[in-house]
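Take a look at the structure set out below.
Lettering follows sequence order; numbering is per chain, from 1. Side chains are part of it too, since the values below use all heavy atoms of this structure and drop only hydrogens, waters and symmetry mates.
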Amino acid sequence: MRRIINRRPGRGGALFWGALPFLVACAGYGVASALRLAENPNDKLLPPLSAMVAAVARVAFTPDARTGDYLMWADTLASLHRLGLGLGVATALALVIGIGMGLIPYVRAGLSPFVAMLSMVPPMAVLPVLFIVFGLDELSKVVLIVVGVAPFLVRDLAMRTVEMPREQLIKAQTLGANTWQIVLRVVLPQMLPRLADALRLSLGPAWLFLISAEAIAATEGLGYRIFLVRRYMAMDVILPYVAWITLLAFASDLLLRWFNARCFPWLRAGKASP
Amino acid sequence: MRRIINRRPGRGGALFWGALPFLVACAGYGVASALRLAENPNDKLLPPLSAMVAAVARVAFTPDARTGDYLMWADTLASLHRLGLGLGVATALALVIGIGMGLIPYVRAGLSPFVAMLSMVPPMAVLPVLFIVFGLDELSKVVLIVVGVAPFLVRDLAMRTVEMPREQLIKAQTLGANTWQIVLRVVLPQMLPRLADALRLSLGPAWLFLISAEAIAATEGLGYRIFLVRRYMAMDVILPYVAWITLLAFASDLLLRWFNARCFPWLRAGKASP
Amino acid sequence: AEKKNFRVAWSIYAGWMPWGYAADSGIMKKWADKYGIKVEIVQINDYVESINQYTAGAFDGCVMTNMDALTIPAAGGVDTTALISGDYSNGNDGIVLKKGKTLKDIKGQKVNLVELSVSHYLLARALDSVGMKEKDVTVVNTSDADIVSAYSSSADVTATVTWNPQLSEVAKTAGSTMVFDSSKVPGEIIDLMVVNTGTMRDNPSFAKALVGAWYEIMGLMTKPDTAEGKAALEAMAKASGTDLAGYKQQLVTTKMFYTPAEGASFAASPELVKTMDLVRTFSFDHGLLGEGAKSRDAVGILFPGGTVLGDVKNVKLRFDDAVMKQAADGKL
Amino acid sequence: MSNVTVRDLWMEYPNQVVLERVNLEIPSGEFCALVGPSGCGKTTFLRLLLGEERPTRGRILLDGEPLVAEPGPDRGVVFQRYSVFPHLTVLENVILGREFQQSRFLGRLFGARRRAALEEARGVLEAVGLGNHLGKYPAELSGGMQQRLAIAQALILKPKILLLDEPFGALDPGTKAQMYELLLRLWSEEKMTVFMVTHDLKEGFTLATRVLAFDKVRVDPTDPGAYGARITYDLPLTLKKAAMGALAPVG
Amino acid sequence: MSNVTVRDLWMEYPNQVVLERVNLEIPSGEFCALVGPSGCGKTTFLRLLLGEERPTRGRILLDGEPLVAEPGPDRGVVFQRYSVFPHLTVLENVILGREFQQSRFLGRLFGARRRAALEEARGVLEAVGLGNHLGKYPAELSGGMQQRLAIAQALILKPKILLLDEPFGALDPGTKAQMYELLLRLWSEEKMTVFMVTHDLKEGFTLATRVLAFDKVRVDPTDPGAYGARITYDLPLTLKKAAMGALAPVG
Ligand SMILES: Nc1ncnc2c1ncn2[C@@H]1O[C@H](COP(=O)(O)OP(=O)(O)OP(=O)(O)O)[C@@H](O)[C@H]1O
Ligand SMILES: Nc1ncnc2c1ncn2[C@@H]1O[C@H](COP(=O)(O)OP(=O)(O)OP(=O)(O)O)[C@@H](O)[C@H]1O
Ligand SMILES: [Mg+2]
Ligand SMILES: [Mg+2]
């Protein structure tokens, strides 16, 4: 009997084990839903699969009576646009400030307490202030994502930069690099994959902030729709929307992982292949 | 002129630079507030310091007429209690599942897609379901924190465990360790400080979830109070409450850092002291 | 099924503050003890969440408006009885404009409101009264907790529909005009205490205890000069985050039915049928009756006289005056 | 007993054959020195013996049984790159093996057993010259000190097979001589089978009873990864073994 | 020119004195071998020369000026633990220095200049025996190969002062001989000042023009950290230097 840490499932095994929890969750939902529906056939909390399929067909493949749009796609586009902008800005900030904080002692001394403090401010509580400064339109939603996600990215990247072996920085200096070159050729390339990992971790929060922002004032977007139909507890729309958001986020997660594997072959170099 | 990455502020310098952004932020607020007040002396958005001091005096040092409690302390206690429970459970989960996923290939194969998916579900969107399953009382608030924070902690810890040098695991096996002993003596001690770091990063989100849960159903708590007075835009209460939450979170952050420095001397061993 | 413990949810609103007082003052306990049951009154901050919880079965009763009672629990298949018609909004909901002095000026503006709520309904009724359609404005869904800050601080918010206490805050903003309010459509936005019909049928004492407690407090509120009455009003004012004067101000725009007789006769009035017809039409047009609803008749509404609006075989919302009548007759 | 048999072993990485048709028969108690040019596959061979990697073809047998394909306490190792535990002090690093052995559930010793383990560890650390650094963390040690710590850690368990990857590379001659003595004493006392990679031929011939030289016999200049290394020389120094064997009961 | 002067240098860690009153005068072009027992402070001394750490007392002068207290391109280094960049291939690791030198803003070369740098790097890599592994990442190299890569990386810039910490420790005799030759050629051509830590006395005497031995002269048995190491022997091998100097213009 080999130790369990040395035993690896094969390709098929990995698929099977990976799928198992999903199947269990689906089955659990099915049973719970059936139980509730037996009691009240109109129950809205856990609608049957058929109701969700019908709801999706309605919002995704039938033009809306009032606006003529395909609601789900219009919502998705609007949300992805905001999310992309927000994450883009947050990433840029994280790169500049995070690497700065990790690498330059003066920047670290100056910003690290402030960023730590900032990351603790619950953004939802100061929303009114955001509204005034950034208006009620797209901008404030993007800003909410940035405010919510950037401090985490910055701090994580700063921590990772500090953790880099000092030998490498010294080596680069003996090769004649100035600070800017060190950033460009030594730190940045090694931090980009870490940044992608951090981004993966913050996809969940980013969606959360987006949804919250859309819940407050919007005319379209996935979060807007969820909070709108929550008004009459249309879980048959909410659950597919939540699943769709989860899927989108998961796809971004996969994309980022693929990006890492693709663009940074050195990450896996020398690791045992199986 | 030495490179900027090699120049470190002294003790006093660090204090000065660290305090600077706070001073700038305070000054900025003061100016903006004065400007708005000059325009409309009744402006509620950016109340003057005096108004906030008065509000704090009222909620923190005067017993409430109805209940006889000191509101702010009662709120703080209630919130900290929920937060502590939630984070405690999330941490325990992260330790068990995160280390399991990082160390044991079968557990990783089975859980990692599911946890990745789970971490993408926006918890706020499925809140109604949470409330129904776990009731409207304390439990559902704690559960929201757990649901919101645990997937991040689990994934982060799993990533860190996977990143451990393989040589160490092999070495431990040649010293005769079984899987349980490896966990106990090799992985856990090295992961605890990482866990504390991850916890630090998730303090912000944890407060966010707490506040959101308290906004929906509660009779006390810092988030409850903020949302109660938000309808009248009583920023003179909201801002001090936000500052107080921030301070509490920041104090926990410091505490965790101190814990790391205190309990894991090997983290800093061999690092240059200045 | 018969049971002894009941849970009722309420949220903060001028016309519902008595429920909070009922719990705090022990009046509810008194009446529950009288019928040998226990009634827990739970305050929920988030109004919609309280209705959802009721619909999902976590509560036996809940306060809500007539429109929400139709579109959430009733449309969700939970047979619901409007036990107490407590009041209707008589100016508690309104439309406020920054640009323009009359309702007609709203044309082409963005209107911030809680979509699909009574505010939305009020807007529809208001537009109707001046021959406009919803297409003439752009509706921006805005959460009720943020409407004040959004309106008072953001230049691009020019029109809003909301309810009290937010309404009075919004109306106070310099240069604003209230161009329409619910007093122009009296009796259409009704605040109810609804209970699960099945629970009520199996446990008549539950309904009796609730009605009894409610009208005892109503009695106190009509006597603000007595010490008890004053204490009650003050407690309610405090709980709603204002002072006595402020709370009285809110009550001015709320048409309370202080006596059970008033409540019973309102529930039995033919106007209520007309109102509910308007409401269900609005709800159907906005898809609120659920996706399965083929027409506005999908959900049946039963009125005290036995009149039914909509599908007789699917009656899910029942207006009831029986218990209020018993209270009026002093039989509780 | 620990006979090691290697049969027709191949180890291939993508684009590169590292080892090619390696055959060996090592009787129990042999002290093998592995020599060969840098990058020819000596470390890879040790990793295969350790069970950390699996050969792409061929088999390794231990006393006639296929090798358990995972590291275990029967095979101790000192890696080329120091592999001590950064979160344990010098002393804790050394007693860890005993703690694993004697405390299945806690992995920790207390009381008398702990004192005994500490005593033993102190002895070994004294022998490798780290007696004055018991409380330091590995990050506070010099390179050679870390290597000595790794040796102490592996030796204390007296494994049946000991795999050493350039264990004395970073040591000065004086310390080296001390380490030779320690290693040889343990080897003859415990009858371990030792595989030691070294670049110092003199060291190999001084210590070992058998020298195995690895090298590529064929090189394809257009595709340098096409052929792997094989054992080009296998020199038994049998006389020495006999001498050591005779010494053992005495030492 | 690169005279190194060390005056009354002390290096203390909390609870431990590592170096104690070190005085030195090294003229330009000297090849110094540093020897001494493991853990006595040789690496620490190199780190001080590098400017990575600052002495707690005393001064280091370079051509009479206080040493710039940070690493720079005038001082090349090969660390005891391999310090190549994991995200660059072998070839990229070596041209990096040139790129830093010639492209201040992008740190990257293109076109003809890149081709020239690559050509040069290929030459050096060929000389250290890595000509067949240009596209590999460090994680895919053996220990000795990584060490040779680090040497190639440092040599290509021809620094005025070269600091080597056991650079040949993990190499087999054949490869070692090749490296000696390469190092000596560069040293005599470029007139570098070299400091090389080694444990192989023979190596020290073969290569160096001066051998510096570090050791503790006083030991307090109750407090082993109380006294630090000093330079106990300072042997100039002047004849050899003259010979090498004479050779230089020719080679
Ligand atoms: N994970 C890996 N992926 C690809 N190639 C590898 C990997 N590990 C080792 N190699 C290659 O295998 C060959 C042998 O490596 P190994 O580490 O066994 O050499 P070695 O004999 O120990 O050398 P040294 O004496 O320098 O330590 C090298 O050419 C190396 O490039
Ligand atoms: N960061 C540190 N903190 C505390 N002590 C340290 C630190 N770094 C080194 N030392 C101590 O300084 C002494 C000298 O270390 P150094 O690395 O210079 O030795 P060395 O001569 O290079 O040895 P080796 O030949 O084994 O590499 C050692 O006793 C070590 O324990
Ligand atoms: Mg090797
Ligand atoms: Mg050293």
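Note: B:P21 leads B:S119, B:A14, B:P21 in heavy-atom pairs under 4.5 Å with chain A. Put simply, of B:Y106, B:W17, B:F16, B:F250, the one with the most heavy-atom pairs under 4.5 Å next to chain A is B:Y106. With chain B as partner, the option from A:D156, A:L239, A:L45 having the largest number of non-hydrogen pairs under 4.5 angstrom is A:L45. Chain A forms the most heavy-atom pairs under 4.5 Å with one residue out of B:L201, B:I104, B:L248, B:L203, and that residue is B:L201. Each of A:G223, A:P105, A:G148 has some count of heavy-atom pairs under 4.5 Å with chain B, and the biggest count is that of A:P105. Of the listed residues B:L111, B:L118, B:L210, B:L103, the one with more heavy-atom pairs under 4.5 angstrom with chain A than any other is B:L103.
For A:E39, the salt bridge (Lys or Arg N to Asp or Glu O under 4.0 Å) criterion is met by no residue, not counting sequence neighbours. Residues satisfying the side-chain hydrogen bond (donor to acceptor under 3.5 Å, both in side chains) criterion with A:R230, sequence neighbours excluded, are C:D46, C:E49.
For a residue to count as touching a neighbouring chain, one of its non-hydrogen atoms must lie under 4.5 Å from one of that chain's; by this rule B:I226 touches chain A with the side chain only. For B:I238, the part lying under 4.5 angstrom from a heavy atom of chain A is the side chain only. The contact between B:F209 and chain A is made entirely by side chain atoms (from C-beta outward), counting heavy-atom distances below 4.5 Å. At a 4.5 Å heavy-atom cutoff, B:A251 makes no contact with chain A through either its backbone or its side chain. Of the atoms belonging to A:I211, it is side-chain heavy atoms, and not backbone ones, that fall under 4.5 Å from chain B. With a 4.5 angstrom heavy-atom cutoff, B:A25 touches chain A only via side-chain atoms. Looking at A:T179, both its backbone and its side chain come within 4.5 Å of chain B, counting heavy atoms on both sides. There is no contact between A:A215 and chain B, counting heavy-atom distances below 4.5 Å. In this structure, chain A has no heavy atom under 4.5 Å from any part of B:R257.
A:P9 and B:A109 make their closest contact through CG-CB, 3.7 Å (heavy atoms, listed as atom of the first residue, atom of the second, distance).
For the pair B:M120 and A:V242, the minimum side-chain heavy-atom distance is 4.5 Å or more. Counting heavy atoms from C-beta on, the side chains of A:P122 and B:T246 come closer than 4.5 Å. Between B:L247 and A:M117 the shortest side-chain heavy-atom distance falls below 4.5 Å.
The CZ atom of A:R108 sits 6.5 Å away from the CZ atom of B:R8 when rounded to the nearest 0.5 Å. The distance from the CG atom of A:N178 to the CD1 atom of B:I4 is 12.0 Å, given to the nearest 0.5 Å.
None of B:P123, B:S212, B:P205 except one satisfies the side chain to side chain contact (heavy atoms under 4.5 Å, CB included) rule with A:L208; the exception is B:P123.
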Intermediate values then yes/no, side-chain contact (heavy atoms from CB on, under 4.5 Å), B:R3 and A:L169: CA-CA 12 Å; B:R3 285 186 198 83; A:L169 298 185; over 6 Å; no

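We find that B:D197 and A:R155 are not joined by a salt bridge, their nearest charged nitrogen and carboxylate oxygen being 4.0 Å or further apart.
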